[in-house]
Undergrad: 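Let me give you the structure first, and then I'll get to my questions.
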Amino acid sequence: MRIALLGFGSVGRGIARAILAKGLDITVTGLADSRSGIIDAGGVNLAAALARKEQGGPCGNPGVSPMDVVEKAEYDILVEVTPTDVETAEPALGHIRGALRRGKHVVTSNKGPIALAYPELRALAEANGVLLKYEATVCGAIPLIHAMQEGIAGNTITRICGVFNGTCNYILTRMAAEGLTYEQALAEARDLGYAEADPTYDVEGIDAGIKLVILANTILHLETTLDDVERTGINLLSPEALQLAEDQDCTIRLIGEIIPKAGVLRVSPRIVPKVHPLVVEGTLNAVTVEADLAGDLTFVGKGAGSTETASAVIGDLLYIQSRHVQGS
């Protein structure tokens with residue numbers, strides 16, 4: 001199986017390491033980030049590219065762009081793991097469109113294109129007889145999308161709710177456990193690399209909201225945007241609010257919820273009993289899916305991280321390989 005890999009930051013390097021460590025029969029024939037790229041039909045030397053990148057150098061030739069790789073490299077699957085832009089979905093959207101138009105499968109961790117343009121991309125994939133897979137866009141290592149599309153196919157899903165953002169979960173865990181203020185817990189999360197310098201995307205519920213939109217549109221076949229999500233973040237929560245929850249043997253978690261029949265998509269802090277399955281610690285994610293035949297299913301795992309996201313991407317690659325690439 002030949003792949004082209006766009007994005008060589010934390011996630012892209014995690015995928016490269018996983019391919020090397022697992023000895024997978026995957027040849028990378030194109031590789032690019034925002035600064036440089038390589039096209040090599042015989043296979044890019046991933047170990048050398050990793051070494052260059054980790055020493056602060058370019059992954060390849062500054063004259064080779066991501067779109068050069070999309071249009072000129074020979075590959076079976078494009079792996080698009082560049083940084084997400086949730087306003088325009090670019091440049092990832094252009095990369096994915098270009099690959100699908102060439103009749104290439106696509107695997108992505110990029111939320112922007114899936115949240116903003118899924119119906120168009122799905123139609124483009126179908127018209128060209130290829131697959132578009134995006135497990136890594138929601139909850140990292142948890143195989144949530146595959147479970148709903150494959151594992152409980154035939155069920156009617158009546159509700160999806162859960163903890164979709166590990167940064168917020170870490171902050172709330174630390175506020176409850178140590179009585180920290182929001183500002184103190186956020187500073188700690190920044191120091192540990194769990195929160196960005198500008199944490200707005202996480203703490204105001206935008207990240208969780210985008211994940212709800214992806215699930216609503218791809219699994220439940222709704223037509224929603226981030227504007228359809230009622231959002232309240234955790235940035236105004238006080239230690240006193242957590243103490244009030246504690247007095248009731250409860251805690252507070254940022255919960256994302258979809259109720260398809262009612263057209264409800266919302267993200268907000270909720271008081272939850274401590275024994276509830278969605279009360280997970282640290283940066284974990286947890287999602288409960290309510291289905292008519294299967295009942296309630298709860299998935300818990302790591303929702304972010306280079307290795308964890310690589311797990312989801314590799315799973316999608318091997319899914320496509322087993323069903324399409326080997327027989328092509």
Side-chain angles (χ1 to χ4, degrees), residues 84-89 111-119 134 137-140 142 144-145 148 156-173 175-176 182 185-186 195-196 198-238 240-242 244-245 248 250-273 276-280 283-291 296-299 303-304:
T84 290
D85 182 325
V86 297
E87 298 292 329
T88 67
K111 299 178 190 70
I114 304 302
L116 296 179
Y118 178 72
Y134 47 90
T137 61
V138 179
C139 294
I142 302 174
L144 182 64
I145 291 168
M148 288 191 280
T156 297
I157 294 171
T158 55
R159 184 170 176 256
I160 301 171
C161 65
V163 172
F164 289 92
N165 185 273
T167 300
C168 289
N169 206 61
Y170 179 83
I171 290 170
L172 293 173
T173 299
M175 287 178 71
Y182 164 77
L186 173 59
E196 301 290 339
D198 179 359
T200 303
Y201 185 71
D202 293 315
V203 301
E204 292 189 4
I206 298 169
D207 174 66
I210 290 166
K211 291 169 183 174
L212 293 187
V213 168
I214 290 172
L215 294 178
N217 293 355
T218 67
I219 303 295
L220 303 172
H221 310 297
L222 303 176
E223 295 182 4
T224 65
T225 70
L226 188 59
D227 290 338
D228 297 313
V229 182
E230 300 173 37
R231 282 189 295 114
T232 304
I234 66 166
N235 44 316
L236 299 179
L237 272 181
S238 66
E240 290 77 18
L242 282 150
L244 285 172
Q248 303 171 55
C250 294
T251 191
I252 294 176
R253 290 292 183 265
L254 185 71
I255 302 294
E257 181 179 32
I258 307 173
I259 306 174
K261 191 171 182 180
V264 169
L265 285 84
R266 60 188 166 210
V267 177
S268 60
R270 307 273 190 93
I271 295 176
V272 186
H276 196 282
L278 294 182
V279 177
V280 289
T283 59
L284 288 175
N285 286 183
V287 181
T288 295
V289 178
E290 297 178 9
D296 291 2
L297 303 169
T298 299
F299 303 82

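Any value given below was found using the heavy atoms of this structure, including those in side chains, with hydrogens, waters and symmetry copies removed.
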Undergrad: If every non-hydrogen atom of Gly233 is compared with every non-hydrogen atom of Pro269, which pair is closest and at what distance?
TA: O-CG, 3.3 Å
Undergrad: Decide yes or no for Val229 and Thr224: does some side-chain heavy atom of the first lie under 4.5 Å from some side-chain heavy atom of the second?
TA: no
Undergrad: Is Ile252 close to Met175 at the side-chain level, that is, under 4.5 Å between some pair of heavy atoms?
TA: no
Undergrad: Give, for atom CD1 of Ile157 and atom CD1 of Ile259, the distance between the pair rounded to the nearest 0.5 Å.
TA: 14.0 Å
Undergrad: Any non-hydrogen side-chain atom of Leu215 less than 4.5 Å from a side-chain atom of Leu144?
TA: yes
Undergrad: Taking only residues two or more places apart in sequence or in another chain, which ones pass side chain to side chain donor-acceptor pair (under 3.5 Å) with Asp207?
TA: Asn165, Lys211
Undergrad: Using 0.5 Å steps for rounding, measure from the CG atom of Leu242 to the CD1 atom of Ile271.
TA: 9.0 Å
Undergrad: Do the non-hydrogen side-chain atoms of Thr158 and Lys261 ever get within less than 4.5 Å of each other?
TA: no
Undergrad: Is Thr225 reaching over with its side chain to a backbone N or O of Asp227, donor-acceptor style, under 3.5 angstrom?
TA: yes
Undergrad: What's the shortest heavy-atom distance between Ala216 and Leu265, and which atoms?
TA: CB-CD2, 3.9 Å
Undergrad: Do Ile219 and Ile145 have side chains that approach each other closer than 4.5 Å (heavy atoms only, starting at C-beta)?
TA: yes
Undergrad: So, Arg253 side chain and Val280 main chain: donor-acceptor pair closer than 3.5 Å or not?
TA: yes
Undergrad: Looking only at non-hydrogen atoms, find the nearest pair between Val213 and Leu226 and report the distance.
TA: CG2-N, 3.7 Å
Undergrad: Evaluate Tyr201 against Ile210 for side-chain contact (heavy atoms from CB on, under 4.5 Å), listing each step before the verdict.
TA: CA-CA 10 Å; Tyr201 185 71; Ile210 290 166; 3.7 Å; yes
Undergrad: Take Ile171 and Leu237 through the side-chain contact (heavy atoms from CB on, under 4.5 Å) test and state the conclusion after the steps.
TA: CA-CA 11 Å; Ile171 290 170; Leu237 272 181; over 6 Å; no
Undergrad: Considering non-hydrogen atoms only, spot the tightest contact between Val163 and Leu284 and give its length.
TA: CG1-O, 3.9 Å
Undergrad: To check you understand the geometry: which heavy-atom pair defines the closest contact between Cys161 and Ile255, and what is its length?
TA: CB-CG2, 4.3 Å
Undergrad: Can you confirm whether Met148 sits close enough to Val289 that some side-chain heavy atom of one is under 4.5 Å from a side-chain heavy atom of the other?
TA: yes
Undergrad: Would you give the length of the straight line joining atom CG of Asn169 to atom CZ of Phe164, rounded to the nearest 0.5 angstrom?
TA: 12.0 Å
Undergrad: If you look at every heavy atom in Ala286 and Pro277, which pair is closest and at what distance?
TA: CB-O, 4.2 Å
Undergrad: Atom CD in Glu204, atom CZ in Arg231: separation rounded to 0.5 Å?
TA: 7.0 Å
Undergrad: Looking at NE2 of His276 and SG of Cys250, how far apart are the two atoms once the value is rounded to the nearest 0.5 Å?
TA: 10.5 Å
Undergrad: Stepwise, does the side-chain contact (heavy atoms from CB on, under 4.5 Å) test hold for Val138 with Val287?
TA: CA-CA 11 Å; Val138 179; Val287 181; over 6 Å; no
Undergrad: Examine distances only and state if a side-chain atom of Asp202 and a backbone atom of Cys168 form a donor-acceptor pair shorter than 3.5 Å.
TA: no
Undergrad: Can you confirm whether Ile214 sits close enough to Tyr118 that some side-chain heavy atom of one is under 4.5 Å from a side-chain heavy atom of the other?
TA: no
Undergrad: Please round to the nearest 0.5 Å and tell me the distance separating atom CG of Asp228 and atom CD1 of Ile258.
TA: 11.5 Å
Undergrad: Is any side-chain heavy atom of Pro199 less than 4.5 Å from a side-chain heavy atom of Leu186?
TA: yes
Undergrad: Could I get the full list of side chain to side chain contact (heavy atoms under 4.5 Å, CB included) partners for Ala89, not counting sequence neighbours?
TA: Leu93, Pro113, Leu116
